[in-house]
Amino acid sequence: MDHRTMKTPCKPPHRRGSMPACCIAAAMLLASSSPASAIETNSTEPPQRPPPPPQPPFLNRYTPTTDVDDIAALDLDQRSIVAKLASGTFEGMKEAGLIYVEGRPVVDEGGIVVSAPLFEGRTTVQSLSTNVKDAIDLADSATLRLFETYYGSTDYADRWIRASIDGAETTFENGNADFSKFGLEGRAESFRYGTAVLNIWMSIVGRLETAAHLCTIAVFASTDASVMEWDRAVALYTGSLSRDTGAEGQFPYTLADIQCRTFGTCDPDPDPDPSDPDYPIVLSPLNQRIFELFVFGKERLESNDCDGARDDAEDLRSLMTVPLIQGVLHASYATDVEYDVQETTHGAGAAFAAALLPLIHECNEGNADIVHGDLAPGEIMGGSYDVVKAALERSYECLNVRCEDVG
């Protein structure tokens, strides 16, 4: 792809963007007449909680306060889903669907299945969508409300994924997808990317917004609840596979780095220094900014700077929208300009478009209709890259996205 053809000047984005003395004296007199042992025996002061054990950092940049190992390990489920889909068979699709619903099997060192994650109540990739109201209140997350308004339900991601598995048509209020127009390859690729950019993406953004909202509620003034949600968002963004070195990931962090290379927006390191504490971790410029905001946002929550945390959550949503735009552009360019007829390209494009449509629709309904009309299953071969690109770029200022970040 000639990425120079994809650069267009745009407008710069906006930034969102005591006791009375007599009582004290009486209390002191009462205390002096009471045996010390009685004071010790009747003390009801609760013991102090031990500090939580230290948590390993993400990419040597963000150290969570809470234990997020379980939710970070959801990327192992995603990796298993991708592996099953790679078989290119209906049986592989069925097995991937089972992992999506129940989670990967848990085995002991001898390879024996010792538990079924579903019945332990463990979070699964599907439950991020179906149980979204349990984790993210609509009143807390403007983005979840936006997607519910567009699609007509909060479990839109799961309904979209299950339609791709079954080869069926969705029944949304807007942005429907008819997967009967795809063969197995297109449906599998829609499934693969849909879990990452629909289920995972919304859970990240929703938790960031929820954390900022919880900061403003007096009962949560200890910051524990808000910091926990912020930590979990970072865990879902990065995953367990990328936690140490940044390699082999399955979650949006890895997607941002892949798009960086595809669109030529990476800053090459001509002379890497093995003594650098971050070596060999070299983040894309987009991920560098995202992790800076992760750190800043957590510091603001801990200091009860709720407005600052809310601003960081908004900026993070804008930055995390960039790879979605790039996914739409890549699929449209490959199909219209490079005459790519592979269903894998079309399936990925449909997933990226589905994750982007409500955001564009909030800016301009017509631009959203253009993207949906050209990227929906079975429609991409008749689409125009130039038209899709122009519709997206007209939305950049509203989305608070910069052209140089997209590439």
Side-chain angles (χ1 to χ4, degrees), residues 1 3 5-8 78 82 85 143 147 156-157 160-161 164 175 177 182 185-202 204-205 237 249-266 284-287 290 317-338 340 342-361 367-368 370-377 379-381 383-393 395-396 399 401-407:
M1 179 187 300
H3 300 296
T5 65
M6 303 178 70
K7 294 185 179 290
T8 300
Q78 179 72 0
V82 172
L85 293 175
T143 304
F147 275 64
Y156 64 90
W160 199 91
I161 296 297
S164 71
F182 273 163
E185 285 188 349
R187 289 161 47 200
E189 204 72 356
S190 295
F191 181 4
R192 172 190 175 183
Y193 279 97
T195 50
V197 300
L198 291 169
N199 302 56
I200 304 296
W201 190 93
M202 175 54 72
I204 296 166
V205 173
Y237 184 77
Q250 296 288 332
F251 280 176
Y253 161 81
T254 300
L255 175 62
D257 269 7
I258 292 172
Q259 302 289 41
C260 168
R261 295 190 291 272
T262 301
F263 281 78
T265 59
C266 295
S284 65
L286 189 73
N287 272 330
I290 286 173
R317 189 190 90 164
S318 297
L319 291 174
M320 292 180 190
T321 300
V322 171
L324 307 182
I325 295 171
Q326 292 170 323
V328 169
L329 288 172
H330 180 267
S332 182
Y333 185 93
T335 304
D336 183 35
V337 179
E338 299 180 331
D340 185 345
Q342 298 177 92
E343 276 202 349
T344 52
T345 302
H346 305 170
F352 283 111
L356 194 58
L357 286 174
L359 301 174
I360 301 176
H361 186 268
N367 291 331
I370 290 172
V371 173
H372 178 249
D374 275 21
L375 275 295
E379 306 298 330
I380 194 169
M381 290 305 298
S384 166
Y385 165 72
D386 289 332
V387 172
V388 169
K389 177 171 174 283
L392 291 174
E393 290 183 345
S395 305
Y396 284 1
L399 296 172
V401 166
R402 306 185 310 184
C403 284
E404 55 264 39
D405 290 333
V406 175

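Below, each value reflects all heavy atoms present in this structure, side chains not excepted, and no hydrogens, waters or symmetry copies.
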To the nearest 0.5 Å, what is the distance between [atom1] ([X]) and [atom2] ([Y])?
{"X": "Ile370", "Y": "Ile360", "atom1": "CD1", "atom2": "CD1", "result": "9.5 Å"}
{"X": "His361", "Y": "His372", "atom1": "NE2", "atom2": "NE2", "result": "11.0 Å"}
{"X": "Gln250", "Y": "Thr195", "atom1": "CD", "atom2": "OG1", "result": "8.5 Å"}
{"X": "Gln326", "Y": "Phe263", "atom1": "CD", "atom2": "CZ", "result": "5.0 Å"}
{"X": "Ile200", "Y": "Met320", "atom1": "CD1", "atom2": "CE", "result": "12.5 Å"}
{"X": "Ser332", "Y": "Glu338", "atom1": "OG", "atom2": "CD", "result": "11.0 Å"}

Using a 4.5 Å cut-off on heavy atoms from C-beta on, say whether the side chain of [Y] contacts that of [X].
{"X": "Ser395", "Y": "Leu392", "answer": "no"}
{"X": "Tyr253", "Y": "Ile290", "answer": "no"}
{"X": "Lys389", "Y": "Leu329", "answer": "yes"}
{"X": "Ile325", "Y": "Leu399", "answer": "yes"}
{"X": "Cys260", "Y": "Leu286", "answer": "no"}

Search all heavy atoms of [X] against all heavy atoms of [Y] and return the closest pair with its distance.
{"X": "Thr254", "Y": "Gly249", "value": "OG1-CA, 3.0 Å"}
{"X": "Gly194", "Y": "Trp160", "value": "CA-CZ3, 4.1 Å"}
{"X": "Trp201", "Y": "Phe147", "value": "CZ3-CZ, 4.1 Å"}
{"X": "Phe352", "Y": "Gln259", "value": "CZ-NE2, 4.0 Å"}
{"X": "Ala368", "Y": "Leu357", "value": "O-CD2, 3.3 Å"}
{"X": "Thr345", "Y": "Thr335", "value": "CG2-OG1, 4.1 Å"}

Task: Ring centre gap for Phe251 and Tyr237 strictly below 6.0 Å - done: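 Centroid distance Phe251-Tyr237: not below 6.0 Å, so no.
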
TODO: List in chain and number order the residues that pass side-chain contact (heavy atoms from CB on, under 4.5 Å) with Ala157, two or more places apart in sequence or in another chain; answer none if no residue qualifies.
DONE: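 Result, side-chain contact (heavy atoms from CB on, under 4.5 Å) vs Ala157: Ser129, Leu198, Asn199.
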
Open item on the list: List the residues meeting side chain to side chain donor-acceptor pair (under 3.5 Å) with Asn367, not counting sequence neighbours, and say none if there are none.
Closed with: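 Side chain to side chain donor-acceptor pair (under 3.5 Å) check on Asn367 returns Arg394.
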
Checking [X] side chain against [Y] main chain: does a donor-acceptor pair fall under 3.5 Å?
{"X": "Thr265", "Y": "Arg261", "answer": "no"}
{"X": "His346", "Y": "Ala331", "answer": "no"}
{"X": "Ser190", "Y": "Gly186", "answer": "yes"}
{"X": "Arg317", "Y": "Val205", "answer": "no"}
{"X": "Ser318", "Y": "Val401", "answer": "no"}
{"X": "Asp374", "Y": "Ser384", "answer": "yes"}
{"X": "Glu189", "Y": "Ala348", "answer": "no"}

- [ ] Give the C-alpha distance, both sets of side-chain angles, the deciding distance and a yes or no for side chain to side chain contact (heavy atoms under 4.5 Å, CB included) between Val388 and Asp336.
- [x] CA-CA 11 Å; Val388 169; Asp336 183 35; over 6 Å; no

Open item on the list: Assess whether a salt bridge exists between Arg402 and Asp405, defined as any Lys/Arg side-chain N lying under 4.0 Å from an Asp/Glu carboxylate O.
Closed with: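 Salt bridge between Arg402 and Asp405, a charged N being under 4.0 Å from a carboxylate O: yes.
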
- [ ] Decide if atom CD of Glu185 counts as having more than 12 heavy atoms of other residues, nucleotides or ligands within a radius under 6.0 Å.
- [x]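 Count not over threshold, so no.
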
